[in-house]
Structures are given as structure tokens and as C-alpha cells.
Amino acid sequence: MKKDNFRMEQSKPMKNYIAETAGKLFIEKGTTAVTYEDIAKAAGCSRTTVYSYFAAKEDIINYIVLSAFSHIRMIMQKITKQPLWADEQLLLLSYELISFCEEKPFYYKCMLENIDASPEGRKKNPLLEDIYNLGEQLNEYFTGIITLGISQGIFREDLKSRPAGLILWSFLTSLVGLMRNKKDYIESDILPMQDLLEYGFRMLLRIVMKEV
């Protein structure tokens with residue numbers, strides 16, 4: 001391993017820790033209210049150290065989005081390698097998304113928010129280019145699941161795989177986010193979370209499933 005690459009790998013744990021610490025503070029106080037001094041104190045390091053990894057709070061947010069996308073890609077790789085029906089793959093993904101949302105709510109929230117994916121924005125910030133490329137990979141995984149479902153004869157043949165995959169991804173991630181944000185209300189007035197997830201998931205599947 002080259003010396004520069006070795007240093008980069010060595011610095012990742014600290015960078016991840018600072019980003020995760022900042023994310024927890026952003027949830028508690030709001031992004032605007034949190035200062036670099038707050039982040040440094042909570043992370044047990046100097047403000048200079050925080051600046052050495054992230055020149056602005058926007059950079060922390062972008063790094064969190066990149067980390068979230070990387071995690072979801074890893075999940076998608078694992079799920080799509082399994083010899084399952086397409087709807088089973090989607091159900092497994094929904095469980096994984098719930099777990100991720102519970103474990104790292106701010107990461108999940110950032111993943112759903114608007115990121116500047118314009119060519120101009122990506123030119124100015126290489127991290128945005130990385131986020132864009134990862135997002136495209138996630139879209140391809142969903143396209144693959146739709147294509148698989150069509151080939152298995154369980155999804156409608158008239159579906160356009162890429163837009164259908166994007167829409168299903170949007171609906172599924174939004175459903176999980178809604179359930180997390182409204183958890184107390186849902187469990188007290190509507191259904192247990194697990195039951196509502198199953199119900200919502202089955203409703204979403206009706207968009208793509210063949211009528212029987």
C-alpha cells in the first residue's frame with residue numbers, strides 16, 4: 001500500500017467518528033445551532049482536528065450522505081446475490097432500511113434530503129460526484145430487481161424497469177422514514193410498527209405486481 005493511501009485509511013476511523021458525533025448533535029440541537037466547538041468537545045478532539053477533516057458543516061452532511069449510500073449499497077449487494085423472488089428481495093430490503101433508520105436516524109434523514117446533483121455542483125465538490133455515482137448504483141440495483149421480477153413472471157410486463165425502480169425506491173425509503181418519525185403515534189393509534197410495515201409494503205407491491 002502506498003504511503004499516502006495508508007495515511008488515508010488510517011484517518012478514516014476518526015473521520016467517521018467525527019461525522020457520527022456531529023450527526024447526533026445535529027439531531028439534538030439542529031444543524032445551524034451546532035458549532036465546531038460543540039463537535040470537537042463531543043468528539044474529544046480539537047477544533048483544528050475537526051476542520052482538518054471537514055472545512056464546513058455542509059461537508060459533514062455530504063460525507064454522512066455518502067456513508068449512508070455506501071451502507072445501502074452493501075445491503076443491496078448482499079440481498080441481490082441471494083436466490084430469491086424479487087418481492088422477497090424488496091421485503092428484506094425494507095427490514096434492513098428500518099434497522100438502519102433506527103440505528104442512525106440522522107444518516108437516514110440526510111439520505112432522503114436534496115443533494116446538488118447538477119454537473120456544476122459536482123464539478124465544484126468531488127464528494128457530490130461520489131454521492132451521485134453511488135446514487136446511480138442504487139438506482140441500478142432497483143432496476144435489476146424490477147427486471148428480475150418481470151423475468152420471474154410476478155411483476156407486470158409493461159413496467160419500465162428504471163423509472164419503476166426509482167419510484168419504488170422513493171416510496172419505500174419514504175415509508176420507512178415516515179414510520180420512524182411517527183413511531184409513537186403509529187403504535188398507539190394505528191398498528192404495531194411491524195404490522196404497518198407489512199401492510200405498507202404490500203400496498204407498494206401492488207404498483208408492480210401482476211394481477212392474479
Side-chain angles (χ1 to χ4, degrees), residues 8-76 93-118 121-122 124-132 134-135 138 169-197 200-201:
M8 189 179 299
E9 291 298 319
Q10 290 290 92
S11 69
K12 276 186 178 178
M14 188 60 185
K15 188 172 188 177
N16 290 340
Y17 180 66
I18 290 173
E20 190 158 341
T21 300
K24 291 176 181 177
L25 291 174
F26 292 157
I27 288 178
E28 293 172 8
K29 301 180 179 181
T31 307
T32 304
V34 174
T35 66
Y36 267 63
E37 287 81 1
D38 295 332
I39 297 170
K41 183 178 179 181
C45 64
S46 68
R47 189 175 64 172
T48 302
T49 299
V50 178
Y51 272 116
S52 70
Y53 290 106
F54 302 106
K57 281 190 279 188
E58 181 183 359
D59 294 332
I60 300 177
I61 300 296
N62 288 336
Y63 185 77
I64 284 173
V65 173
L66 185 66
S67 298
F69 275 16
S70 296
H71 181 75
I72 300 301
R73 179 182 61 179
M74 180 184 67
I75 290 170
M76 295 291 285
L93 176 62
S94 69
Y95 291 144
E96 292 283 358
L97 288 174
I98 285 283
S99 296
F100 182 53
C101 187
E102 289 288 340
E103 181 185 352
K104 294 189 175 182
F106 189 74
Y107 280 56
Y108 195 91
K109 178 178 180 292
C110 289
M111 184 179 74
L112 300 185
E113 292 184 348
N114 184 51
I115 297 293
D116 183 5
S118 67
R122 283 153 35 208
K124 293 177 183 177
N125 189 338
L127 203 57
L128 292 177
E129 182 69 27
D130 292 339
I131 291 170
Y132 174 81
L134 265 176
L138 295 182
W169 161 250
S170 299
F171 285 175
L172 186 56
T173 51
S174 297
L175 173 64
V176 170
L178 172 68
M179 289 175 65
R180 202 270 171 190
N181 291 336
K182 304 290 185 180
K183 183 176 180 179
D184 292 341
Y185 166 70
I186 289 169
E187 293 196 325
S188 64
D189 285 21
I190 302 180
L191 282 173
M193 289 290 285
Q194 185 65 34
D195 292 347
L196 187 63
L197 174 63
F201 176 74

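Since the model is a prediction, treat every value here as computed from it, not as a measurement. What you see below is based on every heavy atom in this structure, not just the backbone, and it leaves out hydrogens, waters and symmetry mates.
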S.K.: Supply the atom-to-atom distance Phe201 CZ to Leu196 CG, rounded to the nearest 0.5 angstrom.
M.R.: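 Phe201 atom CZ to Leu196 atom CG measures 13.5 Å (nearest 0.5 Å).
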S.K.: Looking only at heavy atoms, which two atoms of Lys57 and Thr32 are closest? And how far apart?
M.R.: NZ-O, 3.3 Å
S.K.: Output the distance between atom CD (Glu103) and atom NE2 (His71), rounded to the nearest 0.5 Å.
M.R.: 6.5 Å
S.K.: Grab the two heavy atoms, one from Ile18 and one from Cys45, that are nearest each other, plus how far apart they are.
M.R.: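 Closest approach of Ile18 to Cys45, heavy atoms only: CD1-SG, 4.3 Å.
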S.K.: Would you check if Asp59 and Tyr63 make a side-chain contact, meaning some heavy-atom pair closer than 4.5 Å?
M.R.: no
S.K.: Can you check whether Asp116's main-chain N or O pairs, donor with acceptor, with Tyr132's side chain at less than 3.5 Å?
M.R.: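 Checking the backbone N and O of Asp116 against the side chain of Tyr132, no donor-acceptor pair under 3.5 Å is found.
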S.K.: Over all heavy atoms of both residues, which pair between Leu172 and Ser94 is shortest? Give the atoms and the distance, please.
M.R.: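 Where Leu172 meets Ser94 most closely, the heavy atoms are CD1-CB, 3.9 Å.
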S.K.: Once rounded to the nearest 0.5 Å, what's the spacing between atom CG of Leu175 and atom OG of Ser170?
M.R.: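 Output value for this atom pair is 12.5 Å.
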S.K.: Does Arg122 reach the main-chain N or O of Leu128 with its side chain, forming a donor-acceptor pair under 3.5 Å?
M.R.: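 No; judged by distance alone, with no hydrogens or angles, the pair does not exist.
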S.K.: Side chains of Ile60 and Ile39: does their closest heavy-atom pair fall under 4.5 Å?
M.R.: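 They are in contact (side-chain heavy atoms under 4.5 Å apart), so the answer is yes.
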S.K.: Any chance CZ of Phe171 has more than 12 other-residue heavy atoms, nucleotides or ligands included, within less than 6.0 Å?
M.R.: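 No, the 6.0 Å shell around CZ holds no more than 12 heavy atoms from other groups.
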S.K.: Please list all pairs passing the side-chain hydrogen bond (donor to acceptor under 3.5 Å, both in side chains) test where one or both residues lie in residues 38-47, with sequence neighbours left out.
M.R.: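 Those involving residues 38-47 are Thr35-Asp38, Glu37-Arg47, Ser46-Thr49.
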S.K.: For the residue pair Tyr107 and Phe100, categorise the inter-ring angle as parallel (less than 30°), tilted (30 to 60°) or perpendicular (more than 60°).
M.R.: perpendicular
S.K.: My understanding is that only residues two or more places apart in sequence, or in another chain, count here; which of them pass side chain to side chain contact (heavy atoms under 4.5 Å, CB included) with Leu134?
M.R.: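 With neighbours one apart ignored, the set is Leu66, Phe69, Ser70, Arg73, Gln137.
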S.K.: How many angstroms lie between atom CD1 of Ile115 and atom SG of Cys110, to the nearest 0.5 angstrom?
M.R.: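 Atom-to-atom, Ile115:CD1 and Cys110:SG are 7.5 Å apart.
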S.K.: Would a 4.5 Å heavy-atom cut-off, applied to side chains only, mark Val176 and Tyr108 as touching?
M.R.: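 Yes, their side chains come closer than 4.5 Å.
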S.K.: Please examine the side chains of Ile61 and Phe106, heavy atoms only from C-beta on, and report whether any two atoms are closer than 4.5 Å.
M.R.: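 Yes. Closest side-chain heavy atoms under 4.5 Å.
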S.K.: Any salt bridge (Lys or Arg N to Asp or Glu O under 4.0 Å) pairs touching residues 104-113, not counting sequence neighbours?
M.R.: Glu20-Lys104, Lys109-Glu113
